[in-house]
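Keep in mind that this is a model prediction, so the values were computed, not measured. Order of the sequence lines sets the chain letters (A, B, ...), proteins ahead of strands, with each chain counted from 1.
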Amino acid sequence: MRARERPEGHAEGTGMYEFEEKRLEKLDAMRAQGLAVYPHGLRVTHSTAQVEALIGGRDAAALGEDSTEVVLAGRLMFKNEMGKAGFARVQDSEGRLQLYIRKNDVGDDTFNDVWKKLDLGDHVWARGRLMLTKSGEPSVHVSELRLAAKCIASLPDKWKGLTDPEYRNRHRYVDLFVNPESREAFVRRSRVVRAVRDFFEARGFFEVETPMLQPIPGGAVARPFVTHHNALDMPLYMRIAPELFLKRLVVGGMEKVFELNRNFRNEGVSTRHNPEFTMLEFYQAYATWEDLMDMTEALLGEVARKVTGGGAVAYADHSIDFGQPFRRWRMSEAISEKTGLSAEAVADPAAMRAFWIEGHPKDAKNPKLPSTVGKWYEWLFDEYVEEHLIQPTFITHFPAEISPLSRRSEAEPEVAERFELFVAGMELGNGFNELNDPQDQQARFLAQVAARDGGDDEAMYFDADYIKALSFGMPPTAGEGIGIDRLVMLLTGNTSIRDVVLFPALRPDRGGAAEAEAAPQPGVTQG
RNA sequence: GGGCUCAUAGCUCAAUGGUAGAGCAUCGGACUCUUAAUCCGCAGGUUCCAGGUUCGAGUCCUGGUGGGCCCA
């Protein structure tokens, strides 16, 4: 075999290079002996968890009389060689299980050419019988052992694991098999999504998929990603919300409809924001916003119960209970209580301005300060109220001014029949009676266009086709959106959205690019 | 975008401005029930990058890159 060329970027004596070099040598040696290093067609009969269940509580003597054979496979996470015998611990998607290998049982060839050459991280395949070790650990006494797939890279510290958040996020494939809590978070995420779908299916809702590429981005107040369609030679926007399309479907007669899918917002990245995130939106004709609050309590109660087994959920320093009715708190009252402003002051932009400047003297000449009640509500709420809403709380009666898609209250036209749900200081949901008056909607869009022209680049665009849809008549409808990533954060105890998004947005990794260019090329090294 | 902070071996971490170390992993050896196996031995470094200060920089300074937390 000719000497392998040292890849560019790996200086003489570089640890990483030599590590992989050694493993590649083993791989070449196995190939030379005619042993497959990436075989296909291997079958298993049991998972690690199933083998453990088979063993049950039986003692060593009982297992000795059981001739059941199991075939299992997994990644080698632990290897302990003791001369002519050894232990291995393999991990599959359901857990870990120990293997016991003796030279006498597997034969010299397998022992020397397979077992001794196995490296941590390799995928192994084994056949054997059930056993308990002397210390009582459920194990498989191996009669046949094969390499199922070679691992060339080196694994993180087997005891300390992998803690660097950057490495975990950039190399999720390693994080997932090294850190059980990471894996568990994504298993739970899957259960959350399933439980949400089950909830709506059971209530006769219809799941749909509406455009992610939209000619006019709508349905939320946010900056969109823009792209270009070459063949049509037109700009397209990644959706910031599916809302306007879902309501078109209600016009079309889909009276109970939901979508659970990705939205994209071209905004900052933080522990609570990822540029792409998963949103549930649902709409029901002839339901009201109050019905939606009831439904939200039922939904979150059911999802939390199914995913966590019930009871309060530990989150940050809090214990959050989804199991009972949520507080419903009028926005003006919440602001009044948390700021100490009177009910009259909370209706007066000048009074709110004075209060704000008292707390933020540097803003005295800030030209961006709000001038209207609605905008002041946003500012005061974000600053003084939101962080205090720990237990699930519906904030109700939003200003119509900042709710361009919501129906106004007939009794109080300046107020929208709209609520938002807050948990652990985070906005989790947003629901309202849908504005189905096309003339009012047109006026609201025009107000948004004016705001945009005035420099508000988050203001909504005018969507003429949506107005046309409403002109055909949308039945009285209520709709709501719930942020799934944040819900998963709450139900997994993670305070960063990056811990519940498999591949979160990160800046390009220069080091990683260099690594990729310099990587050894296992496929071209055989000589 | 701003503030604070971090970046040293594959991983987890040490190192008063004065010879870059440890544990695990890896490599060689011993061991037929180990549990972070044990024992013996070896090897592994562009201290994130580019400048600067200094007799001397992993350490101090400036700029950059990437991450984390907080704020916007």
Could you tell me whether the side chain of A/Thr133 has a donor or acceptor atom within less than 3.5 Å of a complementary atom in the base of B/rU34?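 Answer yes: a donor N or O sits under 3.5 Å from an acceptor.
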
Can you find a donor-acceptor N/O pair under 3.5 angstrom joining the side chain of A/Asp157 to the base of B/rG23?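 By the distance-only test, yes, there is a pair.
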
Which parts of residues 80-98 of chain A get close to RNA chain B, meaning a heavy atom less than 4.0 angstrom away? A/Asn80, A/Glu81, A/Met82, A/Gly83, A/Lys84, A/Ala85, A/Phe87, A/Arg89, A/Gln98

Please list, by residue number, the residues of residues 357-378 of chain A whose heavy atoms come closer than 4.0 Å to an atom of RNA chain B; answer none if no residue qualifies.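 The answer is none.
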
Watson-Crick or G-U counterpart of [N], or none if no pair lies under 3.5 Å:
{"N": "B/rG23", "answer": "B/rC11"}
{"N": "B/rC33", "answer": "none"}
{"N": "B/rA57", "answer": "none"}
{"N": "B/rA43", "answer": "none"}
{"N": "B/rC69", "answer": "B/rG3"}

Spatial distance of atom CG (A/Asp499) from atom CE (A/Met489) [nearest 0.5 Å]: 8.0 Å

Check whether more than 12 heavy atoms from other residues, nucleotides or ligands sit under 6.0 Å from atom CD of A/Gln33, and answer yes or no. yes

In terms of heavy-atom contacts, does CG of A/Asp59 have more than 12 from other residues, nucleotides or ligands at under 6.0 Å?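 Correct, the count exceeds 12.
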
Whole-Å gap separating [atom2] ([N]) and [atom1] ([X]):
{"X": "A/Asn266", "N": "B/rG1", "atom1": "CG", "atom2": "C1'", "answer": "14 Å"}
{"X": "A/Lys103", "N": "B/rC33", "atom1": "NZ", "atom2": "P", "answer": "15 Å"}
{"X": "A/Leu99", "N": "B/rC33", "atom1": "CG", "atom2": "P", "answer": "16 Å"}
{"X": "A/Glu267", "N": "B/rG1", "atom1": "CD", "atom2": "C1'", "answer": "14 Å"}
{"X": "A/Leu155", "N": "B/rU12", "atom1": "CG", "atom2": "C1'", "answer": "14 Å"}
{"X": "A/Trp159", "N": "B/rG23", "atom1": "CH2", "atom2": "C1'", "answer": "13 Å"}
{"X": "A/Glu25", "N": "B/rC27", "atom1": "CD", "atom2": "P", "answer": "10 Å"}
{"X": "A/Arg23", "N": "B/rG10", "atom1": "CZ", "atom2": "P", "answer": "14 Å"}

Closest-nucleotide mapping onto RNA chain B: is A/Tyr167 or A/Glu137 further toward the 5' terminus? I mean the 5' end. A/Tyr167

Could you check whether A/Asp164 gets within reach of a base, just the sugar-phosphate, or nothing at all, counting any heavy atom under 4.0 Å?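 Result for A/Asp164 = sugar-phosphate.
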
Under 4.0 Å, counting only non-hydrogen atoms across every strand here, what does A/Arg507 touch: a base, just sugar-phosphate, or nothing?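 The residue A/Arg507 makes sugar-phosphate contact but no base contact.
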
What's the gap between [N] and [M] when it is taken at their [atom1] atoms, as a whole Å value?
{"N": "B/rG67", "M": "B/rU26", "atom1": "C1'", "value": "28 Å"}
{"N": "B/rC4", "M": "B/rA9", "atom1": "P", "value": "27 Å"}
{"N": "B/rG29", "M": "B/rA22", "atom1": "C1'", "value": "23 Å"}
{"N": "B/rG18", "M": "B/rG58", "atom1": "P", "value": "10 Å"}
{"N": "B/rU5", "M": "B/rG63", "atom1": "P", "value": "14 Å"}
{"N": "B/rC33", "M": "B/rU19", "atom1": "C1'", "value": "46 Å"}
{"N": "B/rU47", "M": "B/rA7", "atom1": "P", "value": "15 Å"}
{"N": "B/rG28", "M": "B/rA43", "atom1": "P", "value": "15 Å"}

Considering only side-chain heavy atoms of A/Lys158, which listed nucleotide, B/rC11, B/rA25, B/rG10, is closest? B/rA25

Would you call [X] and [Y] a side-chain contact if the rule is heavy atoms closer than 4.5 Å?
{"X": "A/Glu144", "Y": "A/Val71", "value": "no"}
{"X": "A/Ser182", "Y": "A/Arg168", "value": "yes"}
{"X": "A/Leu380", "Y": "A/Phe355", "value": "yes"}

Any side-chain N or O of A/Ser154 less than 4.0 Å from the OP1 or OP2 oxygen of B/rA25? no

Hey, does the side chain of A/Lys26 come within less than 4.0 Å of B/rC27's phosphate (OP1/OP2), counting only N and O? yes

Consider only side-chain N and O atoms of [X] and [Y], and report whether a donor and an acceptor are under 3.5 Å apart.
{"X": "A/Thr492", "Y": "A/Arg188", "answer": "no"}
{"X": "A/Asn179", "Y": "A/Asp175", "answer": "yes"}
{"X": "A/Asp92", "Y": "A/Ser47", "answer": "no"}

Passing candidate, side chain to side chain contact (heavy atoms under 4.5 Å, CB included) with A/Arg89, options A/Lys79, A/Glu137, A/Arg75: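 It is A/Glu137; the other options fail the test.
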
Are the charged groups of [X] and [Y] less than 4.0 angstrom apart, N to O?
{"X": "A/Lys150", "Y": "A/Asp119", "value": "yes"}
{"X": "A/Glu69", "Y": "A/Arg127", "value": "yes"}
{"X": "A/Asp485", "Y": "A/Arg272", "value": "no"}

If you restrict it to nitrogen or oxygen atoms, what contacts under 3.5 Å exist between nucleotides 68-72 of chain B and the protein, and what is each distance?
{"residue": "B/rG68", "atom": "OP1", "partner": "A/Arg498", "partner atom": "NE", "Å": "2.6"}
{"residue": "B/rG68", "atom": "OP1", "partner": "A/Arg498", "partner atom": "NH2", "Å": "3.3"}
{"residue": "B/rC69", "atom": "OP2", "partner": "A/Arg498", "partner atom": "NH2", "Å": "2.6"}

Look only at the side chain of A/Asn494 and the backbone of A/Ser496, and say whether a donor-acceptor pair between them is shorter than 3.5 Å.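 Absent.
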
